[in-house]
Amino acid sequence: MTEEPMAAAASRLREAGLRVTAQRMAMLTAIHESPGHLDADTLRDRAQQITGGLSLQATYNVLRALTEAGLVRTTQIPGHPARFETERHDNHHHFVCRRCGTIRDVECTVGAAPCMKPRLPAGFGIDEAAVTFWGTCPDCRAAEKRVA
Ligand SMILES: [Zn+2]
Ligand SMILES: [Zn+2]
């Protein structure tokens, strides 16, 4: 682990108004260096390689603090553990494969939140639309065809 990613993580924590701790720096770095959407167990493994021992409870505490500070995006998908990724504020959505649980980003069609106009009575303020598209990924579709 070089100094640079950790220094970058420290300044991002400071900018977000968070106290800089070794655990938070390690987790932010682990998420930043992991493409895709990882669960807490996987991130705990990666963060531990940077900072040493990290309990599961500490992992969840750190992830919650980073999410609340707007540095990390948490995606809750029914039937799956929560997944975490760097918050890019791009209002992207997610495709989830029903068979293997793989998650793929789906770009926001408009590029800014909220990208849909829901039918709500006047008086509701909307700042975000999080959509989950469900279906079957190409690998699973190919496997289905082989069985059929
Ligand atoms: Zn699949
Ligand atoms: Zn995503």
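All ligand and atom numbering here is 1-based and tracks the order in the structure.
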Engineer: Under the 3.5 angstrom rule, does the side chain of S34 hit a backbone N or O of A30 as a donor-acceptor pair?
Structural biologist: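 Checking the backbone N and O of A30 against the side chain of S34, a donor-acceptor pair under 3.5 Å is found.
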Engineer: Between M6 and V20, is there a shared hydrophobic cluster once you connect ILVMFWY residues whose side-chain heavy atoms come closer than 4.5 Å?
Structural biologist: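 Yes: a chain of side-chain contacts under 4.5 Å links M6 to V20.
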Engineer: At the Zn ion (ligand 1), what angle lies between atom SG of C97 and atom SG of C137, rounded to 10 degrees?
Structural biologist: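 With the Zn ion (ligand 1) as the vertex, the angle is close to 110°.
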Engineer: To the nearest 10 degrees, could you say what angle the Zn ion (ligand 1) makes with SG of C100 and SG of C140?
Structural biologist: 110°
Engineer: Looking only at N, O or S atoms in D105, which is nearest to the Zn ion (ligand 2)?
Structural biologist: OD1
Engineer: Hey, does H92 have a side-chain heavy atom less than 4.5 Å from the side chain of H94?
Structural biologist: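 In short, these two side chains touch, coming nearer than 4.5 Å.
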Engineer: Short question: side chain of S11, backbone of A8 - any donor-acceptor pair under 3.5 Å?
Structural biologist: yes
Engineer: Taking the Zn ion (ligand 2) as the vertex, measure the angle between atom NE2 in H37 and atom OE2 in E85; round to 10°.
Structural biologist: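 Angle NE2(H37)-the Zn ion (ligand 2)-OE2(E85): 100°, rounded to 10°.
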Engineer: By atom name, which N, O or S atom belonging to H92 lies closest to the Zn ion (ligand 2)?
Structural biologist: NE2
Engineer: Is the backbone N or O of S55 less than 3.5 Å from a side-chain atom of T59, with the two atoms forming a donor-acceptor pair by type?
Structural biologist: yes
